[in-house]
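We count ligands from 1, going down the list as the structure has it; atoms in each ligand are counted the same way.
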Amino acid sequence: MAKQNIDWGNLGFGYIETAASYVSNYKDGKWDEGGLTADHTVTMSECAGVLQYSQSVFEGLKAYETVDGRIVTFRPDMNAERLYNSALRLEIPPFDKDRFVEAVKEVVRANADWVPPYGSGATLYLRPYIYGSGPVIGVSPAKEYQFRILATPVGPYFKGGAKPLTLKIADYDRAAPRGTGHIKAGLNYAMSLHAIVEAHAQGYAENLYPDAATRTKVEETGGANIIFIKGNKFITVDSPSILPSITRRSLEYVAEHYLGMEVEEREIPLTELTDFDEAGLCGTAAVISPVGKIVNGNEEICFPSGMEEMGPVTKKLYDTLTGIQMGRIEAPEGWIVPVE
Ligand SMILES: *Cc1c(COP(=O)(O)O)cnc(C)c1O
């Protein structure tokens with residue numbers, strides 16, 4: 001196959017239809033065999049569970065070309081596991097984890113000419129999701145579901161280098177202590193939209209949510225975990241109401257095993273923010289976005305790494321993890337999964 005004729009370096013982060021999506025349907029208590037489709041639309045009951053009560057969970061991962069020209073994905077087994085757990089929390093029948101990884105490979109193979117070339121900074125973004133497709137009017141789980149993986153090429157998250165972001169300690173709460181903050185569900189995003197539109201209007205890049213119960217501890221932003229650097233320490237949040245980011249967990253491993261850092265996963269009081277040297281947001285899309293400043297009411301916390309560039313330790317973490325992903329640095333066993 002020949003690559004699509006796309007200006008890969010100038011792609012944005014938007015949706016473009018590709019050759020095929022993967023679909024499997026759940027009916028009469030079981031998932032069907034599943035397969036590829038070229039139909040990029042969905043037809044369902046006007047009373048579908050997802051439309052009435054937002055019964056849906058999702059994932060996000062990337063396929064890309066490595067330095068030696070292989071098409072690979074990064075730790076898809078972790079996405080399989082997380083989607084499984086998210087589904088259980090919303091009474092959605094979970095999708096088998098091995099089948100998930102096979103479906104990811106199948107959809108990437110079908111869209112091989114949409115996988116951006118090595119060095120372009122672009123990737124083929126994969127969005128697996130499950131939603132209640134069967135009709136529901138009384139509040140209850142749907143009886144029918146669809147699992148789908150769409151693929152869409154996306155550009156480099158930061159064109160021309162990552163500038164440090166300014167975050168705002170959110171005026172709103174994201175996740176209740178025993179709520180759904182730890183699962184990847186659209187419902188957690190729907191309720192964040194008002195807060196992010198407001199924050200953007202006020203000039204902030206993201207909301208950093210404190211814990212909802214006491215509003216004294218750092219949790220995460222609407223779509224990324226937060227990490228801090230202090231000397232040789234990599235410090236990140238331990239909380240039952242944050243989403244377990246695969247990027248963050250990979251960075252913890254990289255910090256400890258590749259960079260010889262000390263890793264701490266613990267509660268972080270807001271009052272400790274002034275102690276850190278560097279900060280960053282982590283997630284699949286950008287890997288790490290540096291944070292230069294956090295504003296908490298009248299207080300401005302400026303990290304010593306400044307507003308011009310990524311802090312030096314954050315940069316080392318970023319270069320090492322992206323080096324592993326792109327095949328320039330040897331990966332831990334099982335992290336890089338070729339699709340062919
Ligand atoms: C998806 C997501 C992240 C990032 O997770 P990755 O696995 O690293 O992409 C962080 N926080 C929230 C709330 C998310 O939905």
N/O pairs closer than 3.5 Å, ligand 1 and protein:
from: ligand 1; atom 1: 7 (O); to: Arg82; atom 2: NH1; distance (Å): 2.8
from: ligand 1; atom 1: 7 (O); to: Arg82; atom 2: NH2; distance (Å): 3.0
from: ligand 1; atom 1: 7 (O); to: Ile246; atom 2: N; distance (Å): 2.9
from: ligand 1; atom 1: 8 (O); to: Ser245; atom 2: OG; distance (Å): 2.6
from: ligand 1; atom 1: 8 (O); to: Ile246; atom 2: N; distance (Å): 3.3
from: ligand 1; atom 1: 8 (O); to: Thr247; atom 2: N; distance (Å): 3.0
from: ligand 1; atom 1: 8 (O); to: Thr247; atom 2: OG1; distance (Å): 2.6
from: ligand 1; atom 1: 9 (O); to: Thr284; atom 2: N; distance (Å): 2.9
from: ligand 1; atom 1: 9 (O); to: Thr284; atom 2: OG1; distance (Å): 2.6
from: ligand 1; atom 1: 11 (N); to: Glu220; atom 2: OE1; distance (Å): 2.7
from: ligand 1; atom 1: 11 (N); to: Ala224; atom 2: N; distance (Å): 3.4
from: ligand 1; atom 1: 15 (O); to: Lys184; atom 2: NZ; distance (Å): 2.7
from: ligand 1; atom 1: 15 (O); to: Tyr189; atom 2: OH; distance (Å): 2.4

Salt bridge check: are [X] and [Y] linked by an N-O gap of less than 4.0 Å?
{"X": "Lys3", "Y": "Glu65", "value": "yes"}
{"X": "Glu272", "Y": "Lys217", "value": "no"}
{"X": "Lys184", "Y": "Glu59", "value": "no"}

Q | Side-chain cluster (under 4.5 Å, hydrophobic types only) that Tyr204 belongs to, other residues | A |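 Traced through the cluster, Tyr204 reaches Val295.
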Q: Quick one: do Met44 and Gln146 satisfy side-chain contact (heavy atoms from CB on, under 4.5 Å)? Show the steps, please.
A: CA-CA 10 Å; Met44 64 183 145; Gln146 183 163 89; over 6 Å; no
Q.
Given the ring of Tyr84, does Lys97 sit roughly above its face, with NZ or CZ under 6.0 Å from the centre of the six-membered ring and within 45° of the axis?
A.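 Geometry flag: set, cation within 6.0 Å and 45°.
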